[in-house]
Structures are given as structure tokens and as C-alpha cells.
Amino acid sequence: DILVLRAVSGEVPEDPVVSKKSGLLYEKRLIERHIADYGKCPVTGEALTMEDIVPIKTGKNVKPRSLTAASIPGMLGMFQNEWDALMLSNFALEQQLHTARQELSHALYQHDAACRVIARLKKERDEARSLLAQAERQAPLPASAVTAVSNGKRASEEEDMGPGAKRMRHGVSDSIIAELTECNAALSQQRKKRQIPPTLAPIDALERYTQLSSHPLHKTNKPGITSIDINPSKDIVATGGIDSNAVLFGRTSGEILSTLSGHSKKVTSVKFVAHNDVFLSGSADKTVRIWQGSEDGNYNCRHILKDHTAEVQAVTVHATNNYFVTASLDATWCFYDLSSGLCLTQVEDPTNSMGYTSAAFHPDGLILGTGTIGSTVRIWDVKSRGNVANFDGHTGAVTAISFSENGYFLATAAHDGVKLWDLRKLKNFRSFELYDQDTPTNSVDFDHSGSYLAMAGSDIRVYQVGSVKAEWNCIKTLPDLSGTGRATCVKFGPDARYLAVGSMDRNLRVFGLPEEDASTES
């Protein structure tokens, strides 16, 4: 297109028209307004109408340049203006970047200072707790050999106490003692009529046990299962792991039902409560958690109990299913009310400064057995919280305790193997030295009928229960298939139909009869 200047404005027209009479080029909007006002050509002065105006068609692809862009000096001026604007914008951005860097540096400094303050406060808090616990232990005690002390706290309930005051426990009331006594009488009476259930797995079935399945339940970066419990009514297996989680596994479905997270260190003990869908977990983080099951299958943490000042090593549930006991490396055991989560009493023996590594209730519920880190087994009267007997003879920490359902036998495991104790005569009547001196026995468990006894160390061994004089024969030896050489826990399933085994890898292993053998056996 040929670009020409408007006759009126001297600029390139956007909508050009031309006069038939003079041949001059106009901007359409300007010439229309001039003809309407004056009726003549603005240049020649001759009469002019809109019929004398002819529109000119131009290409719209290229927009006409302005006068400043039509010459080299004009273009240089435009470039200079654009450069100046760019420099001003760049300067503003640099200023904003500098301000942002200063603000970020200040925020990081404040964050670092806050972290240092928090770390110092945590350290001071831990030191204060340690000094408080030490002061309470050194405080004068009553003349009795065993007293109830209170040096803990519950996370869900804090009481305002004056300086130097000691937290008061509710104590085991007469009504609770009456409830425990009534439960003991009923169970003792039933035990006299107890018969071996016909559904119990026979000896020849246990002899054919083999691994049925292996299930990776815990994290790979922190492998290791430390404890196992089984809910026989629902056939659910619970495991506690070094990864600080407790896992509920449906053995029938072969699926993980729930993973309970909340502990900050390894879970050392897991226990089902026989009713109300309640589950307990103890941990090396010094806490015990009470979990409540819901209709959707999930478990919610109902209470966090912080009464111990060292690792919680064992949790055991009373036969009433209304109370439970925890044992800790702080050399105390606590008696709790399950529904409220209250610690009714915390028992410390001033003659024993060694922590507890295991604990279990007698089937009748009035006797509590605890194993210590110093190889002693202590027997307690639950009603009086008195230490009524001590069993010595083990080497190393007592890793596990299991009472037989017949009420007469106690099996204890330690570094040197397994020992069997007669509770009627309070003496050891048989010892099993299973492994070499470098391999401890980590777990021991009577089945619910009291007919079989399982032990776990570098392998898993199942014995037929005999008597004080009769032999206890080894029925089956199962290898530890984890490759770690350490089976850490073992538990009989209902009617001894299977064995659940945990090791130092992350897998739960189930041993039993293959399906075809099991159907034939049934």
C-alpha cells in the first residue's frame, strides 16, 4: 500500500477518502464533519458534498507507522525511551529482590533462634523430670517393703499441684478388691471343671506344622517385630514394631485392618482387651496408649498414659477386662482402670532398683508376675501390692513370662533359656537350655488350654506340657525363616491351630497345617 498524508491533519489517515473534484485525500470522519458544518472543501474552498467523496480501500495487515517511527532519529528516540523504561523496571526488580532476601534472611534467623530455644527448653524439661523422679525415689518411704508412689502424669488430665507436692493416686478401693476376689473365685471354680476342648489341635497335627504365609506389616527402613497378641474371637493378629507402629492384621482375610501410629519410639508390647473392642500398646517412648475401635474398623487413641519415666516394657490385662498393668524400666508397675485410663496405684519396691522387662497376670487375676533386667522373677499379690515371692536362677534379663491355664505352672524366658516354676512349691522344676550362650530366648507362651508351650529364639520350638515329674517333650522345631536368626515373639492361635511368629525383619509369619491337611484333620 502507498501511504499518503491526510490533507487536513497532515498524518496518515486511518479511514481514507478522496475528493472527485480536487483529488485531495482526507480522513473520512474529519471531512464528513467539515462538509456538515461548511459544505465546501477545506483546502480549495469550492462547494463539496458527500456524493463527491469516494472511499479508498487499504490493506489492514500492516499498520501505518507513526511519524516518529518513519525516520532514523525518531526510531533512535523510541529505542532510547524503551531502554530507559527497561532499566527503570530492572532497577525496581533488583530493589524488590534485595528486600525479599533481607526478609528471608531475617525469617531464617528467627527460625534458627526459635529452634535453639525449643531445644534448650526440652533439655531443661527432661533434666527437671529426671531430677524430680530421682527426688521422689529418694524420699522417705513407709516401713512396709513395698509402697505405692506417684511420679507420673496422664496426658489427658493435669492437676494443679503446689511446689514439692506429690501426685495423689486414687488407690485400689475395697470395691475393686472385692471385684478382683470375686473374679478369682469364679475362675478358680471353673478351672476345677476345666477339660481339654475337643477342637484343640492334636500332637500329630503340630508335628506337621509348616509356614503357611508371610506378611510384610512394618516399614522396611526400621524392620523388626517386638511383640504379638491375638484376638481369638475375631482371629485378628496384632504386632508391635520397631518402626513405632502397631498393626492389626486379619489372618482370615490376609489384609491389614488398621495401622496405629502415634508412638515416637518402638512399640514394646501389644494387648487386646477381650470386650469393647479395646486395644493397648506400650512403647519405649515411656507411654501407654488405649485405642478404641469404631464401627468402620479404625482405632482411635482414647488415652495417652504418661505415668512411667522410662521405657514401658510390658502390658498385661486382668481377667475382669476392666483393669490392666504396665511394667517399666523405671522399676515400677502401674495398675490402671481401663475405662477411665486412671492410674490407681504405682508400685515401687525400694529393695529393687532394677527395671522390669516383662509382666503377666496369673489366669485367676490375683497374682502378678514381673521379670527384671537383673534376672529375677518377682511374684506380687495384686490386692496388697506386696512382693510375696522371688525366683532367682536366670542369667540376663527376663524377656518373657507366661502362666499356664492350669494355674500351677509359670514359664520364664531369659538369656540362658527357659525355666519352669511350680507355683505351689515356689521352686524351679525344669530348665531348657535351648541355644548357645550368645543367643537369648526372647519369648515363651502357653496355649490357652495349657497343653502346649512355645519358645522362640534362633528358632521356634513347641513342647507338649507334662507335669513336675513327667517329661516335657519337644513336638516340633520350626526354623526362623527371616534370616536374622532372631525370632522375637511367638503366640498360639485359637485351639493351637496356628502359631504367629515375629522376627527382626518386618514380616509376620504364620505356621500351621496346609489347607489339605487341615481339612483332613478336621
* Asked: Which atom names give the shortest non-hydrogen contact between S227 and V267, and what distance separates them?
  -> OG-O, 4.3 Å
* Kindly indicate, with the supporting measurements, whether the criterion side-chain contact (heavy atoms from CB on, under 4.5 Å) is fulfilled by R506 and L217. => CA-CA 6 Å; R506 67 192 188 107; L217 304 185; over 6 Å; no
* Asked: Would you find a donor on one side and an acceptor on the other, under 3.5 Å apart, between the side chain of H308 and the backbone of A310?
  -> no
* **Step-by-step ring-ring contact (aromatic ring centres under 6.0 Å, His included) determination, Y463 to F432** => CA-CA 11 Å; Y463 284 78; F432 301 94; 4.7 Å; yes
* Side chains of T412 and W421: is there a donor and an acceptor less than 3.5 Å apart? -> yes
* Step-by-step side chain to side chain donor-acceptor pair (under 3.5 Å) determination, W291 to S281 -> CA-CA 8 Å; W291 306 84; S281 62; 2.9 Å; yes
* Asked: What are the two closest non-hydrogen atoms of T226 and C489, and how far apart are they?
  -> C-SG, 3.9 Å
* When you look at CG of D112, are more than 12 heavy atoms from neighbouring residues, nucleotides or ligands closer to it than 6.0 Å? -> yes
* Any ring pair (Phe, Tyr, Trp, His ring centres under 6.0 Å) involving residues 395-414? Give me the pairs, sequence neighbours left out, ordered by first then second residue. => H362-F403, F409-F429, F409-W472
* Asked: Is the side chain of H394 donor-acceptor paired with the backbone N or O of H415 at a distance under 3.5 Å, no angle test?
  -> no
* Enter the distance from C343:SG to L305:CG here, rounded to the nearest 0.5 Å. => 8.5 Å
* Asked: Would you call the rings of Y299 and F279 parallel, tilted or perpendicular if under 30° counts as parallel and over 60° as perpendicular?
  -> perpendicular
* To do: Only one of K266, H263, K265 passes side-chain hydrogen bond (donor to acceptor under 3.5 Å, both in side chains) with D285; say which it is.
  => H263
* Checking S402 side chain against F446 main chain: does a donor-acceptor pair fall under 3.5 Å? -> yes
* **Which atom of A411 lies closest to which atom of L420, heavy atoms considered** => CB-CD2, 3.7 Å
* To do: Identify the residue among V382, N184, L180 that makes a side-chain contact (heavy atoms from CB on, under 4.5 Å) with D364.
  => N184
* Starting at CG of L342, measure out to OH of Y323 and round the result to the nearest 0.5 Å. => 11.5 Å
* Identify whether the distance between the nearest side-chain nitrogen and carboxylate oxygen of R424 and D422 falls below 4.0 Å. => yes
* To do: Only pairs at least two apart or in different chains count here, so list each salt bridge (Lys or Arg N to Asp or Glu O under 4.0 Å) that has a residue in residues 177-188.
  => none
* Enter the distance from F272:CZ to N231:CG here, rounded to the nearest 0.5 Å. => 5.0 Å
* To do: Search all heavy atoms of D416 against all heavy atoms of G393 and return the closest pair with its distance.
  => OD2-O, 3.7 Å
* Approximate separation, where rounding is to 0.5 Å, of S294 OG and N300 CG -> 5.5 Å
* **Stepwise side-chain contact (heavy atoms from CB on, under 4.5 Å) check, F335 with V172** => CA-CA 8 Å; F335 186 89; V172 181; 4.0 Å; yes
* Donor-acceptor pair, S467 side chain versus A470 backbone, under 3.5 Å? -> yes
* Where the side chain of S269 meets the backbone of V315, is there a donor-acceptor pair that is under 3.5 Å apart? -> yes
* Give a yes or no answer on whether the side chain of T357 reaches the backbone of V398 with a donor-acceptor pair at less than 3.5 Å. => yes
* Do any N or O atoms from the side chain of R461 and from the backbone of I475 form a donor-acceptor pair under 3.5 angstrom? -> no
* Decide if the gap between the ring center of H215 and the ring center of F249 is smaller than 6.0 angstrom. => yes
* Show the numbers, then the answer: is there a side chain to side chain donor-acceptor pair (under 3.5 Å) between Q346 and T332? => CA-CA 6 Å; Q346 187 168 10; T332 69; 3.0 Å; yes
* To do: Spell out, as yes or no, whether a donor-acceptor pair under 3.5 Å connects the side chain of N387 to the backbone of I379.
  => yes
* Asked: Are D459 and T477 close enough, and set up right, to give a side chain to side chain donor-acceptor pair (under 3.5 Å), and what steps lead you there?
  -> CA-CA 7 Å; D459 56 23; T477 299; 5.4 Å; no
* Check: Y498 ring centre within less than 6.0 Å of Y209 ring centre -> no
* Can you establish whether the number of heavy atoms outside K286 located under 6.0 Å from its atom NZ is more than 12? => no
* Between Y356 and D330, does any side-chain donor sit less than 3.5 Å from a side-chain acceptor? -> no
* Close side-chain approach of H318 to C183, heavy-atom, < 4.5 Å -> yes
* **Stepwise side-chain contact (heavy atoms from CB on, under 4.5 Å) check, T239 with V270** => CA-CA 7 Å; T239 61; V270 291; 6.0 Å; no
* Could you tell me whether the side chains of D445 and S443 share a donor-acceptor contact shorter than 3.5 Å? => no
* Asked: When you check the gap from the basic side-chain N to the acidic O, do D277 and K234 get nearer than 4.0 Å?
  -> yes
* To do: Give a yes or no on whether R116 atom CZ has more than 12 heavy-atom contacts from other residues, nucleotides or ligands under 6.0 Å away.
  => no
* Asked: Got a donor-acceptor contact below 3.5 angstrom from the T268 side chain to the V312 backbone?
  -> yes
* **Of N322, L344, D337, T181, the residue whose pairing with I176 passes side-chain contact (heavy atoms from CB on, under 4.5 Å)** => L344
* Asked: Can D505 and R509 be counted as an ion pair, charged N to O under 4.0 angstrom?
  -> yes
* To do: Over all heavy atoms of both residues, which pair between N442 and A487 is shortest? Give the atoms and the distance, please.
  => ND2-O, 3.1 Å
* Report yes or no: do S503 and D480 form a side-chain donor-acceptor pair below 3.5 Å? => yes
* Asked: Does T441 reach the main-chain N or O of G457 with its side chain, forming a donor-acceptor pair under 3.5 Å?
  -> no
* When you look at CG of L257, are more than 12 heavy atoms from neighbouring residues, nucleotides or ligands closer to it than 6.0 Å? -> yes
* **Closest heavy-atom pair and its distance - A496, L200** => CB-CD1, 4.0 Å
* Asked: Does a donor on one side chain sit under 3.5 Å from an acceptor on the other, for W333 and T326?
  -> no
* Asked: Is E127 atom CD crowded by more than 12 heavy atoms from other residues, nucleotides or ligands, each under 6.0 Å away?
  -> yes
* About how many Å separate CG of L280 and NE2 of H303, when rounded to the nearest 0.5 Å? -> 11.0 Å
* When rounded to the nearest 0.5 angstrom, what distance separates CG in L368 from CZ in R385? -> 12.0 Å
